[in-house]
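Here is the structure we will look at, set down as structure tokens.
We name chains A, B, ... by the order of the sequence lines, and we start the count at 1 in each one.
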Amino acid sequence: MIDIKYIRANPDIIREAIRNKNEKADLDALLSADEERRRLQYQFDNLKAQQNSVSQIIATKKRAREDAAAEIAEMGKVAAEIKAIQADLSQANALMDRLMLTIPNIPEEGVPIGLDESLNEVIRHEGEPLNYDFELKDHLDIAEANRLLDLPRGAKISGSGFPIYSGFGARLERCIINFMLEYHLQKHGYTELMVPLAVNRKAMTGTGQLPKLEEDMYHIAEDDLFLIPTAEVPVTNIYADEVLSYKDLPKKFVAYTPCFRREAGSYGKDTRGLQRLHQFNKVEMVRFVQPEDSQAALDEMLQDAEDILKAFGLHYRVLSLCSGDLSFASQRTYDLEVWAPGSQKYLEVSSVSNFGEFQARRANIRYKDAEGKLRHLHTLNGSGVATPRLMIALLETYQQADGSLKLPEAIRPWLELKI
RNA sequence: GGAGAGGUGACCGAGCUGGCUGAAGGUGUGCGCCUGCUAAGCGUAUGUAGGUCAAAAGCCUACCGAGGGUUCGAAUCCCUCCCUCUCCGCCA
């Protein structure tokens with residue numbers, strides 16, 4: 001959420017942000033709703049002031065056992081007026097709140113401007129693709145040959161996009177998750193959380209998934225709960241409606257969760273194997289920082305995510321997302337795309353974003369700075385990383401001519417753990 | 001799911017036979033005084049949001065879990081919902 005005072009003072013910046021982000025928010029409707037709301041609030045305040053002062057007189061007279069019938073009669077009229085205005089006012093406020101939630105965050109200075117992913121900027125490449133002297137298979141063929149996945153049966157019991165990892169595939173998946181968690185805990189200083197996988201509407205609104213993306217989420221109607229599309233939602237919301245001290249910041253959390261996405265409207269796109277799923281595993285990093293630290297924190301988190309790919313010896317590239325590809329709440333995002341040699345393409349495994357105070361305003365997360373002033377803190381998050389495409393890259397990168405796998409050194413101790 | 005108790009400021013805790021309560025008292029915190037130092041003590045200040053204002057001060061409004069209602073007037077009365085605790089039931 002953007003500060004309404006800022007919106008009022010800089011409507012052109014907001015208009016441009018809406019355009020650059022390819023959003024449909026109606027700024028003019030918002031501005032006029034704001035005006036109407038303030039007009040009513042002013043009337044309401046004045047009537048209330050009148051009511052309060054006359055109420056004092058009534059109270060005084062009653063205590064002195066004097067007659068206050070005239071005042072009471074007069075206030076009867078004022079009370080009726082207040083009631084009428086109050087109804088209008090609460091309607092105006094509701095409209096205002098609704099419109100405020102449709103205004104996206106503003107892309108930061110330096111974010112490439114563009115409406116779709118074709119204008120994302122490749123910043124750099126890291127690592128080298130390996131050389132092979134045999135015909136490469138893609139991950140699904142490798143998985144089938146090694147019986148790592150059972151996608152047909154996953155589809156049978158849930159639908160396509162709900163994978164079953166079986167045997168060594170399940171074990172590998174679990175070890176990868178554990179490796180990433182421990183890496184962030186031990187080398188990057190995060191604190192681990194295990195969080196609810198179903199969250200309420202307020203939490204989803206706080207991080208900015210709602211109201212825009214309701215169609216993309218699994219909804220449990222009976223309890224009005226949503227399955228989380230990312231751990232960002234529960235983790236970022238843990239401090240909703242709270243005031244932290246500047247001494248508590250920064251806070252760095254990491255959480256593993258399954259993620260659920262309906263992927264409405266993307267049927268038939270990148271569906272082979274594990275490329276696009278309704279349920280997948282992800283290790284997510286979330287930070288709460290003071291505003292002046294968020295730029296540096298973003299760079300650090302990007303590095304934290306990259307460290308995982310480096311540890312696995314994978315080739316990848318770093319993208320700066322253009323304005324139109326930024327999520328609704330983000331003001332700057334870097335994507336990591338890992339190279340999948342069997343499929344011959346780069347696959348997104350991580351998205352690292354700075355939300356500035358946008359989410360903190362929505363979720364009402366504040367902190368008291370060194371001067372004792374209340375301010376909204378900044379939130380960031382990044383995948384560290386999502387497993388399905390990481391799995392694709394690992395299988396395709398480390399396949400052998402005989403169809404077997406030679407996994408990187410880093411993960412082996414985890415797979416060889418004896419009890 | 002059933003029965004009961006409760007949700008007040010950073011925290012504890014009064015108020016809850018409606019008006020003088022933005023809210024006693026205490027703790028904590030800031031500033032000052034006092035004091036070899038510390039502790040104790042004394043004084044004083046200390047919520048958030050919106051409006052007015054060039055700004056500050058001041059003033060006005062709202063906020064005692066959330067939303068409605070009764071009333072001239074609600075932290076106080078009524079209704080609905082949410083949450084916490086205790087007991088019972090069910091259950092991994």
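Contact annotation for Lys61(A): no contact, since no heavy-atom pair falls under 4.0 Å across all strands. Counting non-hydrogen atoms under 4.0 angstrom, Asn52(A) reaches the backbone sugars and phosphates but no base. Arg201(A) comes within 4.0 angstrom of nothing in the nucleic acid, heavy atoms only. Residue-level contact check: Lys77(A) touches neither bases nor backbone, having no heavy atom under 4.0 Å from any strand. Using a 4.0 Å heavy-atom criterion, one finds that Arg39(A) contacts no nucleic acid atom at all. Residue-level contact check: Lys5(A) touches the backbone only, with heavy atoms under 4.0 Å from sugar-phosphate atoms and none from bases.
Across all strands shown, C20(B) remains unpaired; no Watson-Crick or G-U wobble contact has both distances below 3.5 Å. Across every strand in view, U38(B) sits unpaired, with no contact that passes the Watson-Crick or G-U test at under 3.5 angstrom. With a cut-off of 3.5 Å on both pairing distances, the Watson-Crick or G-U wobble partner of C63(B) is G47(B).
The side chain of Lys62(A) places no N or O atom within less than 4.0 Å of a non-bridging phosphate oxygen (OP1 or OP2) of C20(B). OP1 or OP2 of G73(B) lies within a sub-4.0 Å distance of a side-chain N or O belonging to Gln51(A).
For Lys252(A) and Tyr190(A), the positive end sits near the middle of the six-membered ring, less than 6.0 Å away and at most 45° from its axis.
Judged purely by distance below 3.5 Å, without hydrogens or angles, the side chains of Glu173(A) and Asn281(A) pair a donor atom with an acceptor atom.
Between Phe179(A) and Trp414(A), the two ring planes are perpendicular [angle over 60°; tilted spans 30° to 60°].
A salt bridge does not link Asp216(A) with Arg261(A): none of the charged nitrogens is closer than 4.0 Å to a carboxylate oxygen.
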